[in-house]
Amino acid sequence: MPRANRDSKATKKTGAKRATKPGQGSPARRHQLTAQELQQLAPIPETLRPGLDVLFVGINPGVVSGVKQLHFGNPQNFFWPGLFQSGLIPEAIPPEDGHRLAAEWNMSIVNLVQRTTPSTSDLSRQEMRDAVPELCRKISANPPRVICFVGKGIYQVFVGSSNISLGLQDSVYDLGAPLDGCHGPPLRQRGSIDQTSAAYLFVMPSTSGRTAAYQNPVKLQYFQQLKYVRVCATNATTIDDEHLDALGPQTKSKYFQNIKQEPKSC
């Protein structure tokens, strides 16, 4: 019997697997990088300009996103399906077409921390706090109408408080205020805002597939609320909180009531 046939039969009989070459196999195996390889990954490119309808803020790139150099690049992430299913964008697109978000629909994405990690738990609280002043500089230099934090933990670090709710916040980002890295982002009460001087703040659950506390149908409700906030912001109309609540879960923030602020150091 020819050797090739003997080997083939032996493989079938014993159930042995052929050796995979580097770079082959499942996506998870392909993206198991060493610490040195992770450090060598470049930050994911960001598109910023004044007047964006929505600026999404993610926490940092996961390994799949970092390797592909794509925002929310993991196919298990609900971010891109959520945009389409809520009507924020008119067609379903893969992460590879993410550049169209800014080019065609006047929205864009930045990360709080640029460093790629296997998990968000690999980021220290201090590393995230240290990244807030740079995020504020990006926002103030490129004023958007709405800032959407894709994950409650990101906003908690941003404002230095754990006492926040999901959804539209009672605070707004003061686009005209001077930046002071020692005292956090320039926030003030929402009320009736001048859209040229302030941006709405919206917080949704993380869209990661690992976020079991919120299933995709619930995450979609927050995308639908964001769509309504975007429409009001772009048309300079007052947000109806009752209508906003009717679109999804109760989201009215108690941010300005009895907050225990985390100490900040310069």
Side-chain angles (χ1 to χ4, degrees), residues 48 50-59 88 106-108 110 112 128-129 131-205 221-266:
L48 287 168
L52 289 168
D53 289 347
V54 182
L55 179 65
F56 292 95
V57 180
I59 186 164
L88 274 164
N106 203 34
M107 295 180 281
S108 196
V110 296
L112 174 63
M128 291 187 284
R129 287 195 192 108
V132 170
E134 176 60 22
L135 176 59
C136 290
R137 283 191 287 272
K138 291 178 181 179
I139 292 171
S140 295
N142 301 276
R145 294 184 173 90
V146 182
I147 306 165
C148 177
F149 295 82
V150 189
K152 187 175 180 179
I154 311 171
Y155 192 67
Q156 288 174 331
V157 171
F158 186 72
V159 298
S161 172
S162 59
N163 186 20
I164 63 114
S165 301
L166 292 170
L168 182 66
Q169 303 300 296
D170 282 341
S171 55
V172 295
Y173 187 99
D174 191 339
L175 297 167
L179 296 179
D180 184 344
C182 296
H183 297 91
L187 306 181
R188 59 179 171 85
Q189 286 261 18
R190 173 157 56 102
S192 179
I193 73 168
D194 176 0
Q195 195 61 59
T196 62
S197 65
Y200 289 115
L201 297 167
F202 191 91
V203 183
M204 66 169 57
Q221 291 178 310
Y222 287 100
F223 275 98
Q224 290 168 333
Q225 289 184 318
L226 177 62
K227 178 189 176 185
Y228 171 66
V229 173
R230 178 197 184 189
V231 169
C232 291
T234 54
N235 293 331
T237 56
T238 302
I239 291 175
D240 183 336
D241 285 332
E242 291 186 3
H243 178 69
L244 183 68
D245 288 340
L247 292 174
Q250 186 77 19
T251 61
K252 191 170 179 57
S253 172
K254 304 302 179 185
Y255 175 73
F256 282 96
Q257 301 180 17
N258 302 320
I259 292 178
K260 181 180 179 181
Q261 294 284 355
E262 293 184 3
K264 295 182 174 66
S265 58
C266 299

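- Side-chain atoms of Q225 come within 3.5 Å of backbone atoms of L244 as a donor-acceptor pair (strictly under, hydrogens ignored).
- Annotation: side chain to side chain contact (heavy atoms under 4.5 Å, CB included) contacts of I59 (sequence neighbours excluded): T120, L123, M128, I154.
- Residues L175 and P144 form a side-chain contact, since some pair of their non-hydrogen atoms from C-beta on lies under 4.5 Å apart.
- Counting all heavy atoms, side chain and backbone alike, M204 lies closest to L226 at CE-CD2, 3.9 Å.
- Summarising the geometry of S165 relative to V203, their closest heavy-atom pair is O-CB, 4.2 Å, with the distance given to 0.1 Å.
- Counting all heavy atoms, side chain and backbone alike, K227 lies closest to L88 at CA-CD2, 3.6 Å.
- In this structure, V132 and P185 approach most closely via the heavy-atom pair CG1-CD, 4.4 Å.
- Contact annotation: the side chain of V57 never approaches that of F158 to less than 4.5 Å [non-hydrogen atoms, C-beta and beyond].
- At distances below 3.5 Å, at least one donor-acceptor pair connects side-chain atoms of R145 with backbone N or O atoms of G51.
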Checklist entry - Could you go step by step and tell me if I139 and L55 meet the side chain to side chain contact (heavy atoms under 4.5 Å, CB included) rule? => result CA-CA 9 Å; I139 292 171; L55 179 65; 4.0 Å; yes

Item to check | L247/Q221 under side chain to side chain contact (heavy atoms under 4.5 Å, CB included): CA gap, chis, key distance, verdict | outcome: CA-CA 7 Å; L247 292 174; Q221 291 178 310; over 6 Å; no

Item to check | Trace of the side chain to side chain contact (heavy atoms under 4.5 Å, CB included) decision for L201 with L187 | outcome: CA-CA 10 Å; L201 297 167; L187 306 181; 3.7 Å; yes

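- Note that CG of D245 is 6.5 Å distant from CG of D241, once rounded to the nearest 0.5 Å.
- Not a single side chain to side chain contact (heavy atoms under 4.5 Å, CB included) links P178 to another residue, sequence neighbours left out.
- For T234 (side chain) and V231 (main-chain N/O), a donor-acceptor pair under 3.5 Å exists by modelled atom type.
- V146 and F202 get closest at one heavy-atom pair: CG1-CB, 4.4 Å.
- Smallest separation of non-hydrogen atoms from Y173 and C136: OH-O, 3.2 Å.
- The ring-ring contact (aromatic ring centres under 6.0 Å, His included) test applied to F56 returns F79, not counting sequence neighbours.
- One finds the OG atom of S108 at 11.5 Å from the CG atom of D53 (value rounded to the nearest 0.5 Å).
- With rounding to the nearest 0.5 angstrom, the CD1 atom of I164 is 5.0 Å from the CD atom of Q156.
- The aromatic rings of H243 and Y228 stand perpendicular to each other, their planes meeting at an angle above 60°, with 30° marking the opposite boundary.
- Between P205 and L166 the shortest side-chain heavy-atom distance falls below 4.5 Å.
- Side chain of R190 to backbone of Y200: no donor-acceptor contact under 3.5 angstrom is found.
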